[in-house]
Amino acid sequence: MNAIEAMKTRRSVRKFKPVEVPEHIIDTIIDAGLYAASGRNKQSTLIINVVDKDIQKMIREENRKIGGWEEGFDPFYGAPNMLIVLTDKTHPTAVYDGSLVMGNLMLAAHELGIGSCWIHRAKEEFDSAFGKKLLAALQIDGEWEGVGHCALGYAEEVPPAPKREPNRVFTA
Ligand SMILES: Cc1cc2nc3c(=O)[nH]c(=O)nc-3n(C[C@H](O)[C@H](O)[C@H](O)COP(=O)(O)O)c2cc1C
């Protein structure tokens with residue numbers, strides 16, 4: 001699959017098989033994330049690979065509460081694997097850099113046959129005591145803003161591409 005094909009065929013997956021993605025594939029996806037462009041090459045983003053199922057459960061629950069969903073709903077749609085992208089708040093291109101990392105993760109996953117979905121509300125999560133406690137437990141110091149979670153797993157169902165909205169390109 002070439003890059004353009006990957007960009008055009010990647011979809012947000014919201015139905016996953018209950019099968020873990022092998023570690024070496026997750027590592028390859030993470031590595032692709034680390035190669036994203038960054039403002040002034042500061043590379044001031046972090047990726048947390050959440051492998052601990054108890055921590056995953058806490059994050060799903062915190063995200064659900066932030067999103068205001070009813071109890072029992074999993075905003076990660078049962079995805080067995082979970083990455084989180086954070087960015088150094090003090091850097092002027094922080095959120096742009098983090099978003100590019102997210103893009104790389106999703107495209108790399110797709111190229112490797114893994115479904116993904118950007119799961120939001122990482123900012124609220126890591127602005128709160130919940131996220132700060134998690135970072136402290138991982139001995140991550142500094143001022144970090146949550147950019148997004150990347151839910152990963154084998155797709156049970158891949159939705160069709162939403163239609164492209166017209167009138168979005170101009171020539172000057
Ligand atoms: C910044 C951002 C936040 C998103 N947050 C969520 C989310 O919290 N939950 C979700 O199911 N999808 C989320 N998505 C996925 C979008 O809904 C999805 O990209 C959009 O519907 C287009 O579908 P496609 O990715 O298949 O092209 C998010 C995407 C972006 C870029």
Side-chain angles (χ1 to χ4, degrees), residues 3 6-7 10-14 16 20-21 23-71 73-112 114-153:
M7 288 171 195
R10 177 213 56 81
R11 296 276 68 82
S12 292
V13 171
R14 298 189 180 88
F16 293 92
E20 294 283 327
V21 178
E23 206 179 303
H24 73 277
I25 296 185
I26 296 290
D27 289 344
T28 305
I29 294 169
I30 291 172
D31 196 43
L34 297 177
Y35 273 83
S38 65
R40 298 177 63 206
N41 187 35
K42 286 286 182 194
Q43 301 182 30
S44 55
T45 45
L46 293 181
I47 301 171
I48 303 177
N49 180 11
V50 188
V51 292
D52 186 301
K53 293 294 171 192
D54 291 334
I55 299 176
Q56 277 196 6
K57 198 172 162 194
M58 288 193 300
I59 291 170
R60 290 175 204 270
E61 185 56 10
E62 192 65 18
N63 202 280
R64 178 193 71 77
K65 287 186 194 158
I66 296 166
W69 287 286
E70 72 284 4
E71 217 167 307
F73 176 72
D74 174 12
F76 289 74
Y77 312 105
N81 297 83
M82 184 191 290
L83 303 176
I84 310 173
V85 174
L86 296 113
T87 193
D88 180 349
K89 268 186 191 173
T90 65
H91 190 52
T93 58
V95 177
Y96 307 98
D97 296 345
S99 299
L100 265 189
V101 173
M102 286 293 295
N104 272 24
L105 295 177
M106 295 189 289
L107 288 173
H110 180 49
E111 153 88 27
L112 296 166
I114 305 300
S116 71
C117 191
W118 179 318
I119 307 299
H120 213 45
R121 298 162 293 283
K123 174 167 171 35
E124 295 86 335
E125 226 169 79
F126 286 91
D127 278 352
S128 76
F130 170 86
K132 291 189 194 307
K133 194 172 156 198
L134 180 60
L135 294 182
L138 296 171
Q139 297 179 320
I140 298 171
D141 297 325
E143 290 295 309
W144 297 96
E145 176 162 333
V147 176
H149 312 75
C150 185
L152 294 167

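Just so it is clear, the structure is predicted and the values come from calculations on it, not from any experiment.
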Peer 1: Is the shortest side-chain heavy-atom distance between Ile47 and Leu105 below 4.5 Å?
Peer 2: yes
Peer 1: Could you list all the side chain to side chain donor-acceptor pair (under 3.5 Å) pairs where at least one residue sits in residues 38-48, not counting sequence neighbours?
Peer 2: Asn41-Gln43
Peer 1: Glu124: what forms a salt bridge (charged side-chain N to carboxylate O under 4.0 Å, His left out) with it, not counting sequence neighbours?
Peer 2: none
Peer 1: Which atom pair, heavy atoms only, marks the closest approach of Thr90 to Glu143?
Peer 2: CG2-CB, 4.3 Å
Peer 1: Just how far is it from atom CD1 of Ile48 to atom SG of Cys150, taken to the nearest 0.5 Å?
Peer 2: 13.5 Å
Peer 1: Determine whether more than 12 heavy atoms belonging to other residues, nucleotides or ligands lie under 6.0 Å from atom CD of Glu20.
Peer 2: yes
Peer 1: At their closest point, which heavy atom of Asp54 faces which heavy atom of Asp52, and how far apart are they?
Peer 2: N-OD1, 2.8 Å
Peer 1: Would you give the length of the straight line joining atom CD1 of Ile59 to atom CZ of Arg121, rounded to the nearest 0.5 angstrom?
Peer 2: 13.0 Å
Peer 1: Sorted by first residue and then second, give each salt bridge (Lys or Arg N to Asp or Glu O under 4.0 Å) pair with at least one member in residues 74-85; sequence neighbours left out.
Peer 2: Arg60-Asp74
Peer 1: Atom CE in Met106, atom CE in Met7: separation rounded to 0.5 Å?
Peer 2: 11.5 Å
Peer 1: Check whether any side-chain heavy atom of Trp118 sits under 4.5 Å from a side-chain heavy atom of Ser99, and report yes or no.
Peer 2: yes
Peer 1: Would you mind reporting whether Leu152 and Ile25 have side-chain heavy atoms less than 4.5 Å apart?
Peer 2: no
Peer 1: Working to the nearest 0.5 Å, report the span between CD of Glu62 and CZ of Phe126.
Peer 2: 9.5 Å
Peer 1: Are any non-hydrogen side-chain atoms of Val51 and Ile26 less than 4.5 angstrom apart?
Peer 2: no
Peer 1: Only counting residues at least two apart or in another chain, list the ones meeting ring-ring contact (aromatic ring centres under 6.0 Å, His included) with Phe76.
Peer 2: His149
Peer 1: Do the side chain of Gln56 and the main chain of Pro80 share a donor and acceptor less than 3.5 angstrom apart?
Peer 2: yes
Peer 1: Verify, without hydrogens or angle tests, whether Arg64 (side chain) and Trp69 (backbone) share a donor-acceptor contact under 3.5 angstrom.
Peer 2: yes
Peer 1: Check this for me: Glu70, atom CD, are more than 12 non-hydrogen atoms of other residues, nucleotides or ligands nearer than 6.0 Å?
Peer 2: yes
Peer 1: To the nearest 0.5 Å, how far apart are CG in Asp88 and CG in Asp97?
Peer 2: 9.5 Å
Peer 1: Identify every side-chain donor-acceptor pair in residues 28-37 under 3.5 Å, counting partners at least two apart or on other chains, and give the distances.
Peer 2:
unit_1: Thr28; atom_1: OG1; unit_2: His24; atom_2: O; d: 2.8

Peer 1: Between Asn63 (side chain) and Pro75 (backbone), is there a donor-acceptor pair under 3.5 Å?
Peer 2: no
Peer 1: Looking at side-chain heavy atoms only, is the closest gap between Ile140 and Leu86 below 4.5 Å?
Peer 2: no
Peer 1: Are Tyr77 and Ile119 side-chain neighbours, meaning at least one heavy-atom pair lies under 4.5 Å?
Peer 2: yes
Peer 1: May I have all residue pairs that pass salt bridge (Lys or Arg N to Asp or Glu O under 4.0 Å) and include part of residues 126-136, sequence neighbours excluded?
Peer 2: Lys89-Asp127, Lys123-Asp127
Peer 1: Considering non-hydrogen atoms only, spot the tightest contact between Gly78 and Phe16 and give its length.
Peer 2: O-CB, 4.3 Å
Peer 1: Heavy-atom distance under 4.5 Å between the side chains of Ser116 and His110, does that happen here?
Peer 2: no
Peer 1: Quick one: pull up OG1 in Thr87 and CH2 in Trp144 and give me the separation to the nearest 0.5 Å.
Peer 2: 7.0 Å
